[in-house]
Amino acid sequence: MTEHWTREHAAERLRRPGAHDDKYRRGVLGLRTGSARYPGAAVLGASAAWRTGAGMVRYLPGHDEDPPYGLPAPAAAVLAAHPETVFGPGRCDAWVIGSGTDPAARSALEQSELLELLHGSAPVVVDAGALDLVPRPSADRAPLILTPHAGEFERLWERTMRAPLPREWVARPPADAEAGGNGAAARQEAARRLAERLDATLLLKGSLTLIASPGGRVLSCGPATPWLASAGTGDVLAGILGALVAARSAEVRDDRESLGPLGATAAVLHDAAARTASGDPAATAAGRPITAGDVAQAIPAAWRALV
Ligand SMILES: NC(=O)C1=CN([C@@H]2O[C@H](COP(=O)(O)OP(=O)(O)OC[C@H]3O[C@@H](n4cnc5c(N)ncnc54)[C@H](O)[C@@H]3O)[C@@H](O)[C@H]2O)[C@@H](O)CC1
Ligand SMILES: Nc1ncnc2c1ncn2[C@@H]1O[C@H](COP(=O)(O)OP(=O)(O)O)[C@@H](O)[C@H]1O
């Protein structure tokens, strides 16, 4: 049984700052995202995290090759876009890892540092190029929320279950799978089983985004505006989610199941920002083309409209 996560549900999970807050109490998010080849992903995630209300965003560059094509290093790109970003190690209440990285280009040092985060105590949003690093369930593993798209979900299933994704559950769905046809139930069941096996929260992206918790709860959000289906919007979602998790880090450490509602809230805010950017805030009109950067920029206005 899947619960639909509404704008009202999301509004309840958006933490507003109070008079006793300071930048640390509002949540420090650490980013290990972007790479020589994909510096833009680091910028998009940082931009989204700041605009979702993180008290501080800390960027830690990976151990990478020299950038090609005259590109700036990801840290330089993040600084140029967001001079408020803090660089280098320090306290972090949550992490985003993997957006804009390629596992084939990962060094041994990079891998061991990422595994250390995955076995730390702060919650971790695991995206894109870090999904292959998710360790088996263990008592010393950090609270994890994984954010695969359909292709990454299929690869994660095969790696975890050591079997192909059953044909009727193929995560890249026929049109009806997300729209409520027979495939929809199969997609939910696949997400539920994988979350249970990994003992981690799983956010399966798509027009309808599903969030499956290890305890068996499944939330759904959407359908989101189809204008969201463009490169880089997943990097924005990871930044939004990271900021929401950092703001509620203590709650997540106490109860890993609370990552499910936070994942669903991130997906609702992401869609609301896309609709705002697209000139369709009330989801009544067709909207217009947008970029991932436009989505990040529209987060504060979407937040205000939601609460
Ligand atoms: N500005 C940037 O720096 C950007 C960086 N990006 C990064 O680029 C890297 C590669 O990501 P990709 O997702 O392109 O590639 P992947 O390496 O994840 O694989 C794409 C493959 O998966 C299949 N697939 C099945 N369902 C899919 C779906 N729903 N969406 C996408 N592919 C699907 C495709 O057919 C393709 O063969 C990631 O690290 C990502 O974070 C992208 O986010 C785009 C923007
Ligand atoms: N048809 C669609 N309608 C609405 N939203 C979509 C659709 N397809 C994908 N999305 C959303 O767009 C984002 C794409 O993320 P992702 O595939 O990780 O892209 P990238 O890696 O390029 O950032 C996700 O949030 C996903 O839910």
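Start at 1 and go down the list; that is how both ligands and their atoms are numbered. Heavy atoms only: backbone and side chains are in, while hydrogens, waters and symmetry mates are out.
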Exercise. Quick one: which ligand 2 atoms are inside 4.0 Å of a heavy atom on A231?
Worked result: 22 (O)

Seminar exercise, completed: Counting heavy atoms under 4.0 Å, the part of R37 that contacts ligand 1 is neither

Exercise. Just distances here: any N/O of P39 and N/O of ligand 1 closer than 3.5 Å?
Worked result: no

Exercise. For ligand 2, which atoms have a heavy atom of A224 less than 4.0 angstrom away?
Worked result: 3 (N), 4 (C), 5 (N)

Exercise. Hey, does A41 come in under 3.5 Å of ligand 1, counting only N/O atoms on both sides?
Worked result: yes

Exercise. At under 4.0 Å between heavy atoms, which part of T101 makes contact with ligand 1: side chain, backbone, both or neither?
Worked result: backbone

For this session: State plainly whether one hydrophobic cluster holds both L79 and M56, where clusters connect Ile, Leu, Val, Met, Phe, Trp and Tyr through side-chain heavy atoms under 4.5 angstrom apart.
Result: no

Problem set entry | E154 and ligand 1 - part of the residue with a heavy-atom distance under 4.0 Å | neither

Problem set entry | Verdict with reasoning, T201 to R256, per side chain to side chain contact (heavy atoms under 4.5 Å, CB included) | CA-CA 8 Å; T201 307; R256 295 174 184 218; 5.8 Å; no

Seminar exercise, completed: The answer for which part of A128 has a heavy atom under 4.0 Å from ligand 1 is side chain

Seminar exercise, completed: Nearest non-hydrogen contact to atom 17 (O) of ligand 1 from the set R155, E152, H149 belongs to R155

Exercise. Under 4.0 Å from any heavy atom of L228, which atoms of ligand 2 are there?
Worked result: 5 (N), 12 (O)

Seminar exercise, completed: Taking only non-hydrogen atoms of T225 and a 4.0 Å limit, the atoms of ligand 2 in range are 3 (N), 4 (C), 5 (N)

Exercise. Checking salt bridge (Lys or Arg N to Asp or Glu O under 4.0 Å) for the pair E251/R13: CA distance, chi angles, key distance, verdict?
Worked result: CA-CA 12 Å; E251 188 181 325; R13 301 303 299 165; 2.5 Å; yes

Exercise. Within the structure, does S99 bring an N/O atom to less than 3.5 angstrom of an N/O atom in ligand 1?
Worked result: no

Exercise. Going by the atom numbers of ligand 1, which of them fall below 4.0 Å from some non-hydrogen atom of A150?
Worked result: 26 (N), 29 (N)

For this session: Using a strict cut-off of 4.0 Å, indicate which atoms of ligand 2 neighbour a heavy atom of G232.
Result: 20 (P), 22 (O), 23 (O)

For this session: Output the list of atoms in ligand 2 that are nearer than 4.0 Å to some heavy atom of T209, sorted by atom number.
Result: 27 (O)

Exercise. Would you say ligand 1 has an N or O under 3.5 Å from any N or O of D235?
Worked result: yes

Exercise. By number and element, which atoms of ligand 2 are closer than 4.0 Å to a non-hydrogen atom of P226?
Worked result: 3 (N), 4 (C)

For this session: Taking only heavy atoms of H270 into account, list the atoms of ligand 2 that are under 4.0 Å away from them.
Result: 25 (O)

Exercise. Quick one: does T233 get an N or O within less than 3.5 Å of an N or O on ligand 2?
Worked result: yes

Exercise. Same cluster for L204 and W5 if Ile/Leu/Val/Met/Phe/Trp/Tyr side chains link at under 4.5 Å?
Worked result: no

